[in-house]
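For reference, the structure discussed in these notes is given below.
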Amino acid sequence: MNINKLENWYADHHRKLPFRETKDPYHIWVSEVMLQQTQVETVIPYFERFIKRLPSIHDLAAIEEEKLFSLIQGLGYYRRFKNLHKAAKIVVTQHKGIFPSSFKEVRKLPGIGDYTAGAIMSIAYNKPYNATDGNVIRVLSRLMNINDDMRIDKNKKQITAINQSFIEKANPNIYTQAIMELGALICRPIHPKCKLCPLNSECLAYKNNLQNTLPNLSKKPEKKLIQYKVFIIRDNNYLYLRKRKEKLLGGMYEFPQFEEDLLPFDYHVIKVLGHKKHIFTHLIWEMKALEVKLISEPLDEWIKISIDDLKLYPMATAHKKIANLL
DNA sequence: AAGCCGGGGCC
DNA sequence: GGCCCAGGCTT
């Protein structure tokens, strides 16, 4: 690869982003965790609010988990932030609050895998450790015309090795951001802008008109459908929520919802508030929201809150949609 | 190696 | 409706 062309292209065309204004490893780390499986445009407002509220890793280590969840509600993959929180406490207690600077120590922290460790090492510390994400896999599988299924670990590792060989000849900080930026702006999943690409003269996919068939990503399994009745249980100015203990959306609050017809409480329906659908990675929720009056006793796991306090409880997007029906 | 874990943007 | 993701952890 002509690394100079890539780095020069980055110098001229990169987006100005809030997490590119800093070299603070804590800030880079927070941004990279937010960016896992999440688009830049989605992350920006969350990142700015997060850093304003928690400017240092000590602030993150000290915050209550529920307040942390309120800050990031809507971003998805909430376990990322349980791990982020846990890792901040480790850095404060075991590294005197100084974010570690060796790959080995960084990679050990919970929630930091190969990609995130490489991103932190290269972007924050300018060290030659590759950060190979979905963008890089797309760019390099096209550039080298590699048609192997990139959902298979072994094939991803092949790209990782190539990316590592490049970063060792590059300016690590610029290179890592440049190849991902190229993937985001030029070498896009659909409608890649090959005519504007600084690497088009050496791209084997472009040469063979295969840019629209690479990377080769095998199909994912079908999503399973689950239908829920969601209960808006009103009692004057109060209603009931529960905190999810499931792995899916764990820690977020929701209106009580049940899949089956046989329920552990009695109620009258006051009104059908509406139907909402929410699509996850591996399943689909179809939710029928019912405003009801409770006849029997509430369940122990429910908490009774004032309607005015609803916004104080972190909720995932599926149940935000239900809350918007109120 | 496969399954689990969110959400938004695009066509 | 179906496609795409700036991954990591568990089993």
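Throughout, protein chains are lettered first and strands after them, A, B, ... in sequence-line order, and every chain is numbered starting at 1.
The side chain of A:Ala184 sits closest to C:dA6 out of C:dA6, B:dA1, B:dG7. Looking at the side chain of A:Ala316, the nearest of the listed nucleotides B:dA1, C:dC5, B:dG7 is B:dG7. Minimum atom distance to the side chain of A:Asp133 is reached by C:dG7, of the listed C:dG7, B:dG6, B:dG8. For A:Asn83, counting side-chain heavy atoms from C-beta on, the closest listed nucleotide (C:dC9, B:dC5, C:dC4) is C:dC9. The side chain of A:Met180 has C:dA6 as its nearest neighbour among C:dG7, B:dC5, C:dA6.
Remark: aromatic rings of A:Phe265 and A:Trp302 are close, center separation under 6.0 Å. A:Tyr267 and A:Phe231 have their aromatic ring centers within a separation under 6.0 angstrom.
At B:dG6, none of the side-chain N or O atoms of A:Arg80 fall inside 4.0 Å of OP1 or OP2 (strictly under the cut-off). Side-chain nitrogen and oxygen atoms of A:Gln37 include at least one within less than 4.0 Å of the OP1 or OP2 phosphate oxygen of C:dG7. Taking side-chain N and O atoms only, A:His282 has a distance below 4.0 Å to OP1 or OP2 of B:dC5. Put simply, A:Thr116 has a side-chain N or O that comes within less than 4.0 Å of OP1 or OP2 on C:dG8. A close approach under 4.0 Å does occur between a side-chain nitrogen or oxygen of A:Tyr78 and OP1 or OP2 of B:dG7. Listed pair A:His278 / B:dG7 meets the phosphate criterion, a side-chain N or O lying under 4.0 Å from OP1 or OP2. Between A:Arg188 and C:dC4, a side-chain N or O to OP1/OP2 separation shorter than 4.0 Å is absent.
If you take CD of A:Gln39 and P of C:dC3, they are 17 Å apart, rounded to a whole angstrom. Look at NZ on A:Lys223: it is 9 Å from P on C:dC3, rounded to the nearest Å. Following rounding to the nearest Å, A:Tyr77 (OH) and B:dG3 (C1') show an atom-to-atom distance of 12 Å. Straight-line distance from the CD atom of A:Glu246 to the P atom of C:dT10: 18 Å, rounded to whole Å. B:dG7 atom C1' lies 14 Å from atom CD of A:Gln36, rounded to whole Å. Atom-to-atom, CH2 of A:Trp285 to P of B:dG6 comes out at 9 Å; the value is rounded to the nearest Å. In this structure, CG of A:Leu75 is placed 16 Å from P of C:dG8, rounded to the nearest angstrom. One atom, NZ of A:Lys156, and another, C1' of C:dA6, lie 13 Å apart when rounded to the nearest Å.
Comparing A:Pro110 and A:Gln177 against DNA chain C, the residue whose closest nucleotide sits nearer the 5' end is A:Gln177. Heavy-atom distances to DNA chain B give each of A:Arg79 and A:His191 a nearest nucleotide, and the one nearer the 5′ end belongs to A:Arg79. Residues A:Leu35 and A:Lys247 each lie close to DNA chain C; by heavy-atom proximity, the contact nearer the 5' end of the strand is made by A:Leu35. Taking the nucleotide of DNA chain B with the nearest heavy atom to each of A:Ala318 and A:Lys154, the more 5' of the two is matched to A:Lys154.
With respect to A:Gln227, the side-chain hydrogen bond (donor to acceptor under 3.5 Å, both in side chains) criterion is satisfied by exactly one of A:Glu259, A:Glu286, A:His275, A:Lys288: A:Glu286.
The aromatic rings of A:Phe280 and A:His278 lie perpendicular to each other, with more than 60° between the two planes, well past the 30° mark.
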Give the table of side-chain donor-acceptor pairs shorter than 3.5 Å for residues 42-52 of chain A, with sequence neighbours excluded, one pair per line with atom names and distance.
from, atom 1, to, atom 2, distance (Å)
A:Tyr46, OH, A:Gln73, O, 2.9
A:Arg49, NH2, A:Leu71, O, 3.3

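The C1' atoms of C:dC9 and B:dG8 are separated by 23 Å, rounded to the nearest whole Å. For the P atoms, the distance linking C:dG8 with B:dG9 amounts to 23 Å, nearest Å. Rounded to a whole angstrom, the distance from the P atom of B:dC4 to that of C:dA6 is 23 Å.
Ion pairing of A:Asp261 with A:Lys229 is present here, as a side-chain N (NZ or NE/NH1/NH2) and a carboxylate O approach within less than 4.0 Å. Look at A:Arg20 and A:Glu181 and you find a salt bridge, because one of the NZ, NE, NH1 or NH2 atoms lies within 4.0 Å of a carboxylate O, short of that distance.
Contacts of A:Leu217 with the nucleic acid, taken as non-hydrogen atoms under 4.0 Å apart, involve only primed sugar atoms and P, OP1 or OP2. Within 4.0 Å of A:Gly74, counting heavy atoms only, lie sugar-phosphate atoms of the nucleic acid but no base atom. Among the atoms of the strands shown, only primed sugar atoms or phosphate atoms (P, OP1, OP2) are found under 4.0 Å from some heavy atom of A:Lys277. Among the protein residues, A:Tyr115 comes within range of the sugar-phosphate backbone only, with heavy atoms under 4.0 Å from sugar or phosphate atoms but none that close to a base. A:Ala131 comes within 4.0 angstrom of no nucleic acid atom, judged by non-hydrogen atoms across all strands.
One N or O donor and one acceptor, one from the side chain of A:Asn135 and one from the base of C:dA6, sit under 3.5 Å apart. Residue side chain A:Thr38 reaches the base of B:dG6 through a donor-acceptor N/O pair under 3.5 Å, judged by distance alone. If you check distances only, the side chain of A:Thr42 never reaches the base of B:dG7 with a donor-acceptor pair under 3.5 Å.
Non-hydrogen atoms lying under 4.0 Å from DNA chain C are contributed by A:Arg15, A:Leu17, A:Arg20, all within residues 10-30 of chain A.
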| query | Going through the checks in order, is the side chain to side chain contact (heavy atoms under 4.5 Å, CB included) test met by A:Ser218 and A:Asp149? | reply | CA-CA 6 Å; A:Ser218 59; A:Asp149 180 359; 2.8 Å; yes
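Among all heavy-atom pairs drawn from A:Gln158 and A:Asp148, the shortest one is OE1-OD2, 3.3 Å. For A:Cys194 against A:Asn200, the heavy-atom pair with the smallest separation is O-ND2, 3.1 Å.
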